[in-house]
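Contents: one structure, followed by commentary.
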Protein chains: 2
Amino acid sequence: MSGTVEELEAGNEAPLSEEGSSVRISPELELPTEEDLLLAAAYVYDAQYNRNIPFETSPQAIRFYYLYNHWSMQIATYFFIFLDLSLALFEEPAVYPLPFLATSLVEVLCLCTFFGRLVQFAKVTSRTVFWKDTKNICILLTILLTLLDIIIYGTLRVFNIHSVRWSRCLRPLFLINFPESRQIRRAFRSIRNTLPEVLYVFLLLIFNVLMFSLMALKLFGDRNLKTVEGASYFTNILDIMFDLYVLVTTANSPYVMMPAYNLDWRYSLFFITYIVINTYIFMSVFLAVVYNNYRKHLKGFLLETSWIFFHFHFFSFAEMRPKLSVICYSQSFKVSAFPRAYMYLMQNEIRKLAYMKRHKMIKAFNILKTQEGPEFVVKEAHWKHLVKMVAPDISNSHRELLLRISDEEQKGYVDKKCFLRLADLLNIQVITMKFKRHPLEIWMPHVYKSSGSLFIQKIVQHRVFVWIYDVIILINAVFIALDEKNPFISYAEWVFLTLYIIEILLKLYTYEPKTFFARNQFWNWFDTLIIIAALMATIANTAIKSAIEYNSQQILDIIFILRLLRLIRIVDSIQRFRVILTTLINIIPTMLTFGGLVLVVYYMFAIIGMELFKDKVQFFSESSTDTHALDCGNPALKDSTFARSRYCKNNFNDLASSFIVLMELTVVNQWHVIAGGFALVTHEATKLFFIAFHIVVVILIVNIFVAFILEAFFVEYSLEKSEIETTIEKKIQELGMGIQEEDVPDGQLIDNMETNENDLSGGEEMQKQSSKGLFFRIASKRYRTVDALLQRMFESEISPEDEGPSLDEILNLSPSDMYPKNPTFENSA
Amino acid sequence: MSGTVEELEAGNEAPLSEEGSSVRISPELELPTEEDLLLAAAYVYDAQYNRNIPFETSPQAIRFYYLYNHWSMQIATYFFIFLDLSLALFEEPAVYPLPFLATSLVEVLCLCTFFGRLVQFAKVTSRTVFWKDTKNICILLTILLTLLDIIIYGTLRVFNIHSVRWSRCLRPLFLINFPESRQIRRAFRSIRNTLPEVLYVFLLLIFNVLMFSLMALKLFGDRNLKTVEGASYFTNILDIMFDLYVLVTTANSPYVMMPAYNLDWRYSLFFITYIVINTYIFMSVFLAVVYNNYRKHLKGFLLETSWIFFHFHFFSFAEMRPKLSVICYSQSFKVSAFPRAYMYLMQNEIRKLAYMKRHKMIKAFNILKTQEGPEFVVKEAHWKHLVKMVAPDISNSHRELLLRISDEEQKGYVDKKCFLRLADLLNIQVITMKFKRHPLEIWMPHVYKSSGSLFIQKIVQHRVFVWIYDVIILINAVFIALDEKNPFISYAEWVFLTLYIIEILLKLYTYEPKTFFARNQFWNWFDTLIIIAALMATIANTAIKSAIEYNSQQILDIIFILRLLRLIRIVDSIQRFRVILTTLINIIPTMLTFGGLVLVVYYMFAIIGMELFKDKVQFFSESSTDTHALDCGNPALKDSTFARSRYCKNNFNDLASSFIVLMELTVVNQWHVIAGGFALVTHEATKLFFIAFHIVVVILIVNIFVAFILEAFFVEYSLEKSEIETTIEKKIQELGMGIQEEDVPDGQLIDNMETNENDLSGGEEMQKQSSKGLFFRIASKRYRTVDALLQRMFESEISPEDEGPSLDEILNLSPSDMYPKNPTFENSA
């Protein structure tokens with residue numbers, strides 16, 4: 001049995017495996033073979049992460065599948081991709097020049113590893129699937145073209161003929177096309193889908209610019225107006241069009257208007273009309289078009305990056321009583337305030353995912369099923385074995401909870417309906433907050449439990465303790481603002497550092513260290529790391545100073561920045577700020593995808609830019625007495641705005657400079673000056689390079705970014721309203737294992753906790769009765785994304801018996817299939 | 001019976017009127033008194049337009065209510081408001097100076113009319129309601145304060161003491177506070193509601209700016225860096241904060257970065273981090289916060305301005321067969337793709353409106369009801385009378401259709417359920433497209449129906465005719481781009497003008513003129529007006545030229561602009577462009593509300609700006625030899641960026657200049673130069689004026705504008721998907737009066753049409769049987785707004801018997817009442 005379309009069509013293997021699994025339909029407990037379990041685990045794994053890798057079902061392919069998915073392999077792939085990309089730093093024009101032989105050897109090495117990765121993938125999947133995938137073909141082609149380019153360039157170099165390493169533009173394709181980069185691919189797909197609509201709006205915009213340019217030519221062309229620089233004003237239609245296109249981006253406002261406005265104030269109406277129509281209305285329409293498409297296509301973005309680690313609120317340290325053994329489920333579903341109609345907008349993508357997942361889970365079920373009375377089920381032992389294989393790193397107590405949810409009536413087996421939910425259950429982020437007694441309490445219980453010690457702990461836990469430190473931070477902020485040269489001030493810095501260290505030590509005295517440094521305690525980590533770094537830097541600086549009587553400026557800068565970062569904590573003390581900050585922290589992982597997107601585009605433009613403009617503009621340091629310092633080493637720039645603004649360092653002479661120039665172009669302001677400067681040293685037509693960059697980055701990518709932030713905040717706002725309980729939450733409540741908001745008397749809880757501790761250490765032995773001491777709670781604030789929700793909603797509408805359309809149909813779902821088709825039942829048990 | 005809360009509480013009048021109306025519960029047809037009808041009509045009118053004016057029920061008050069709502073009164077009010085506002089043009093510093101006595105007399109006149117309008121309103125409503133309304137108190141206070149200011153200023157002037165006309169800032173309050181300006185008020189309310197959340201984000205932003213400023217001071221302060229102008233770079237914390245705040249708006253990028261970047265490229269990372277966090281993330285968060293609030297509060301905006309006239313698509317002239325007598329309903333409800341969950345987000349505002357409307361309709365019903373069998377109904381005659389009073393300008397056929405919808409089974413009366421819908425039915429925009437035979441056909445049927453004439457008509461109606469003219473326009477565009485001095489080109493312009501005139505004449509020959517110039521034929525109007533204007537201008541120019549041998553440049557400019565505007569028509573020929581254009585045209589009315597909003601804010605800032613900066617900066621024309629021309633007449637500006645950029649005309653020396661400067665500040669680019677210039681001539685602290693303007697206009701208003709455009713396009717996109725039929729559309733189909741997409745054979749239709757024509761001219765006599773010849777069709781593309789839809793959806797959930805909570809409860813609905821309360825039945829029939 002195979003997950004690929006082709007094999008299903010051929011239909012030759014599927015009955016065989018059905019046969020194979022039906023052999024084991026017997027009431028007695030009989031473990032499936034290791035191979036079957038491996039295959040089932042592979043299906044569940046694939047479903048859990050929505051990976052959609054069509055793997056072969058032979059034992060060898062399955063083993064390759066595990067190898068292929070191993071984290072070390074993925075990290076190695078990314079390492080070589082970034083190594084390949086970073087080669088541009090060492091090639092001419094280089095930041096750190098290396099001989100051509102060295103860089104080309106490294107590049108060939110990278111190409112070899114890419115090829116190896118491809119071979120590995122080919123072993124996992126069938127040949128037909130492999131060759132049907134454009135990604136693989138694209139990688140292969142890129143490898144071949146790059147090799148070709150290296151050979152040609154190397155040969156020509158031997159004969160001292162100048163040529164262009166054009167294949168360097170293709171490098172980002174590796175970043176896009178490996179299966180690990182789904183998010184970036186999705187982003188590009190979304191851009192591609194947006195293009196037609198953006199194009200129409202863009203054409204209208206250009207039409208508009210043209211109209212206004214003609215009007216401007218007519219109105220101002222004959223008046224002999226001069227710009228501030230003394231150039232003729234609005235006399236050439238191409239220049240006017242460029243100027244007015246720049247005005248759309250507002251970069252040359254009000255400069256471009258002034259000569260006409262100085263002549264007669266009524267001419268300003270021309271520019272005001274132009275700005276209202278083009279800058280405000282058209283730019284908003286671009287955002288609307290991009291955003292609208294984003295809502296339809298780009299949601300997967302959030303979907304795939306949403307299994308992020310989550311900072312949870314309901315236990316802030318000030319109020320925390322470290323007496324509960326808690327397994328925190330940091331996921332809950334809040335649907336009520338949610339636009340359900342969204343579902344129709346982008347149902348298809350989601351439905352496809354939901355059906356694919358269902359498909360794989362059914363395959364896994366069919367492998368493991370045994371007959372129990374009238375229905376097929378999966379035995380508890382098999383289920384546990386499977387879960388261990390799929391997610392080897394989850395705790396026993398967690399697995400026990402999942403079993404309890406899957407096998408509600410504790411019948412010793414998991415039925416089909418519950419089994420199909422497994423992939424989702426596994427996706428729920430679990431924070432196991434095992435309570436441990438404070439180490440000091442174990443080592444010297446009498447001292448730790450003495451009244452003095454308890455008093456200290458009580459103070460530290462008190463709200464006022466937090467407030468006092470907030471005030472200290474504020475005072476610290478004032479001191480930072482004061483002049484640091486004053487010895488009193490630098491002495492005060494030592495006092496503050498000591499105070500912060502005392503704070504952390506006190507907290508570590510009061511709270512159990514492992515709880516204090518739990519994965520989700522963002523601010524504890526943040527505080528401690530900053531204080532330790534500051535302490536180390538300060539000591540290093542003092543050591544250096546006493547040794548060589550010289551302050552290292554770098555270290556001082558670092559110390560200063562660390563001091564400032566401490567101030568951020570004050571923001572977290574205020575509830576309203578925390579919500580904003582938490583949302584921002586939550587979207588960081590997705591922003592990394594944008595980072596990838598921007599990297600790809602920047603890299604391509606940087607390579608082209610370097611070929612076009614390298615060494616055309618030179619930078620001379622301020623102190624340089626070279627006469628060329630004033631015209632950036634290029635007479636063409638003499639008296640240009642570019643040179644007068646001292647933009648000489650904004651050049652394409654190496655990768656780092658190129659990226660910085662591109663960043664400046666992304667910010668838009670003054671981009672016409674930069675474009676104008678480079679046009680002067682090369683050719684007027686190179687302005688097209690800058691216009692193309694503006695269209696791609698500012699109109700498309702920045703708008704997608706804005707749309708993404710808007711959507712993230714809207715989701716956050718709508719989730720704030722209310723919530724509904726999930727099955728898991730209900731189950732926890734049913735089991736009586738929920739924690740009430742009210743405190744349970746301390747002594748009783750500690751007893752419970754201790755039973756529980758022993759149970760947890762009991763590992764495999766953990767029995768159902770022991771769970772009386774277990775407490776679960778689902779974190780109440782969770783950043784949940786739109787599609788995960790929708791997928792869930794949609795899945796809840798597929799009955800467990802409905803295995804959905806065939807894989808064929810799923811893969812070919814067209815965007816026009818707005819409503820679910822009648823399900824087909826070919827694979828039903 | 002009164003619509004006010006207070007009277008309902010007192011409960012003394014209500015039973016009386018119930019009594020009064022129950023007198024008429026008799027089976028025979030007995031017209032209610034004229035007064036009763038007037039009152040009922042007033043209720044329906046109020047419900048139809050959601051006016052919510054709590055009028056008294058005495059006959060005198062009702063008559064005042066009609067007078068108060070009369071269009072002439074409303075226009076007069078607006079005239080005086082704008083007169084009052086425009087006084088700033090004539091007061092010192094003036095564009096056209098007038099003596100103080102003249103302007104103050106006009107102002108007193110305006111104040112008197114405002115007072116009169118207020119007295120009028122006081123007569124309509126009860127005293128308690130009048131004094132409870134903050135709007136009225138606000139207007140009264142403003143009138144008093146303005147009078148006081150005029151007296152004080154006048155007195156001081158007599159003694160030659162300089163003082164400030166501070167009350168001029170208050171003038172926009174009149175624009176906001178009169179009941180006619182609901183939309184602007186709503187916009188301001190929305191801004192007020194957004195403020196707390198914006199404030200928190202803004203504080204975080206400021207905190208961020210402060211943090212980075214401290215860092216910048218530390219990193220760059222000691223390095224003796226110089227800006228391009230030679231000023232010290234990043235040494236003063238206040239200057240750094242201002243520079244970094246400006247960098248958030250991108251206005252001084254990359255200028256502000258260059259000195260540090262020239263020193264070491266790694267310092268650019270500081271600025272890049274800053275820009276990513278503050279410009280991209282924080283500015284998007286502002287948009288998200290404003291947009292989110294907008295979705296909740298500002299929808300009413302669209303709601304109230306949505307009864308706009310609509311350009312309808314389904315009959316483009318190229319395909320139109322002028323043979324159908326059609327009443328076009330330009331409204332249809334398309335719900336399917338619509339986020340129903342929106343409803344929960346802003347249910348309250350909408351529910352309030354829906355209940356208010358229901359309340360008034362029930363009051364009107366109770367006045368007119370007669371008993372018919374077991375239920376209370378409104379007789380057809382009363383109903384017709386009522387409709388005529390409420391909407392005197394709708395056609396008989398339209399009224400007949402409404403009756404048919406309200407009285408489905410033609411029983412001769414309208415039941416309660418249908419009566420309650422009346423306000424909505426009346427709101428449906430009706431385009432009566434009476435077919436008239438072409439006048440030429442009537443005058444000389446033989447010539448018009450001759451084969452030659454028919455051939456011409458066929459050509460004009462053909463698609464190719466449109467294409468030919470599209471090509472002509474394109475050729476015209478090329479000619480416009482060419483140099484106009486060439487006599488051949490200017491001759492060609494005559495040819496084009498002739499061609500366009502021929503086109504219009506041909507179209508008028510083919511299509512019936514009244515149909516051609518129907519209200520909704522935007523492009524026909526557009527074309528014709530432009531051609532006529534161009535013709536007139538060209539003739540005028542020729543006349544002037546031959547008379548005084550001199551081309552009037554103004555007229556030439558106008559001719560040229562008219563020529564260019566003609567080119568716009570080409571855009572309308574392409575379907576995809578037309579959709580975008582239509583959406584843009586549709587949102588023009590709502591954009592006027594933004595115009596009002598911007599006017600209010602600009603006016604206030606302009607008045608303050610004029611007081612602060614008047615005559616501090618002087619403009620000298622280019623040719624001026626005055627030595628002050630280089631420093632804008634102010635030595636403080638010598639060598640400043642402001643003067644060097646020749647920004648001298650960007651000043652606050654009169655209202656027009658102030659508005660243009662404020663526009664430039666809205667566009668943001670170079671705003672720090674303008675702010676810096678004015679800070680030099682006055683005081684550093686005046687930068688706060690510019691920062692305040694930036695916060696109010698760019699962060700709040702521009703974001704609301706962007707949110708509005710986004711929402712308008714989203715609605716348009718979601719409406720494109722699919723549609724469901726309305727009750728009216730269903731009724732039309734049921735009656736068999738719908739027009740199929742297929743053509744009905746011509747002859748038959750003409751027959752029908754002619755019967756119909758006669759019927760229509762029959763006026764009052766129109767009987768049910770005549771409607772066989774009537775055809776209705778609902779326009780298929782309609783810009784519908786979110787809330788109207790939601791209100792409808794919500795209303796459909798109130799059963800006709802449910803009169804909703806009492807008025808009290810409605811007015812006090814708190815935002816937390818997310819679900820409908822149990823209805824109370826105190827008023828039930």
Side-chain angles (χ1 to χ4, degrees), chain A residues 200-201 204 207 211 214-215 218-219 228 237 250-251 253-255 258 261-262 265 268 272 275 280-281 284-285 287-288 291-292 337-342 344 480-481 557 560-561 564 567 571 576-577 580 584 622 645-646 649-650 656 660 663-664 667-670 705-706 709-710 713-714 717, chain B residues 200-201 204 207 211 214-215 218-219 228 237 250-251 253-255 258 261-262 265 268 272 275 280-281 284-285 287-288 291-292 337-342 344-345 480-481 557 560-561 564 567 571 576-577 580 584 622 645-646 649 656 660 663-664 667-670 705-706 709-710 713-714 717:
Chain A
Y200 279 103
V201 182
L204 258 187
F207 175 79
M211 290 273 296
L214 283 172
M215 231 183 271
K218 178 69 196 158
L219 286 177
V228 179
I237 183 76
T250 76
S253 153
Y255 167 85
M258 290 317 290
Y261 178 45
N262 284 340
W265 72 269
S268 67
I272 290 173
I275 286 175
Y280 288 108
I281 298 182
S284 304
V285 173
L287 180 57
Y291 189 9
N292 194 52
F338 209 83
R340 200 182 157 81
Y342 261 133
Y344 294 99
I480 287 173
D557 287 353
F560 186 79
I561 289 171
L564 277 177
L567 301 188
V571 172
R576 294 294 286 264
F577 291 157
I580 302 169
L584 289 177
E622 302 289 305
S645 311
R646 304 239 190 118
K649 202 162 181 178
N650 294 328
I660 291 168
M663 181 70 203
E664 288 170 7
V667 174
V668 167
N669 201 59
Q670 298 292 87
F705 183 77
V706 173
I709 301 228
L710 286 182
F713 268 81
F714 290 161
Y717 281 125
Chain B
Y200 279 103
V201 182
L204 258 188
F207 176 78
M211 290 272 296
L214 282 173
M215 233 184 271
K218 177 69 196 160
L219 287 176
V228 180
I237 184 75
T250 78
S253 153
Y255 167 86
M258 290 318 290
Y261 179 45
N262 284 341
W265 71 268
S268 68
I272 290 174
I275 286 175
Y280 288 109
I281 299 181
S284 304
V285 173
L287 179 57
Y291 189 8
N292 193 53
F338 209 84
R340 199 182 159 82
Y342 260 133
Y344 295 100
L345 282 176
I480 287 174
D557 288 353
F560 185 78
I561 289 171
L564 277 178
L567 301 186
V571 172
R576 293 295 287 265
F577 290 157
I580 301 168
L584 290 178
E622 302 288 305
S645 310
R646 304 241 191 116
K649 201 161 180 178
I660 291 170
M663 182 68 203
E664 289 170 7
V667 175
V668 166
N669 201 58
Q670 297 294 83
F705 183 76
V706 172
I709 300 228
L710 287 182
F713 268 80
F714 290 161
Y717 280 126

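- For B:Leu287, the parts sitting under 4.5 Å from any heavy atom of chain A are the backbone and the side chain alike.
- Between chain A and the options B:Ile275, B:Leu584, B:Ile660, the largest number of non-hydrogen pairs under 4.5 Å is found for B:Ile660.
- Side-chain atoms of B:Gln670 and A:Pro254, non-hydrogen and from C-beta on, do get closer than 4.5 Å to each other.
- A:Tyr261 places a side-chain N or O within 3.5 Å of a backbone atom of B:Lys649 that can act as its donor or acceptor partner.
- For A:Met663, the part sitting under 4.5 Å from any heavy atom of chain B is the side chain, from C-beta outward, and nothing else.
- For the set B:Ile709, B:Leu564, B:Val706, the count of heavy-atom pairs under 4.5 angstrom toward chain A peaks at B:Leu564.
- Residue contact with chain B, scored on non-hydrogen atoms closer than 4.5 Å, involves the backbone and the side chain of A:Tyr200 alike.
- The nearest pair of heavy atoms linking B:Leu710 to A:Ser284 is CD2-O, 3.8 Å.
- Here the CD1-CG distance, from B:Ile561 to A:Leu214, works out to 11.5 Å after rounding to the nearest 0.5 Å.
- Rounded to the nearest 0.5 angstrom, A:Tyr255 OH and B:Arg646 CZ are separated by 10.0 Å.
- With a 4.5 angstrom heavy-atom cutoff, A:Ile281 touches chain B via backbone and side-chain atoms both.
- Using a 4.5 Å cut-off between heavy atoms, A:Ser253 contacts chain B through both its backbone and its side chain.
- Here the shortest heavy-atom pairing between B:Leu204 and A:Phe577 reads CG-CD2, 3.8 Å.
- Note that the CD atom of A:Glu664 and the CD1 atom of B:Ile272 stand 8.0 Å from one another [nearest 0.5 Å].
- In this structure, the portion of A:Phe207 lying under 4.5 Å from any heavy atom of chain B is its side chain and not its backbone.
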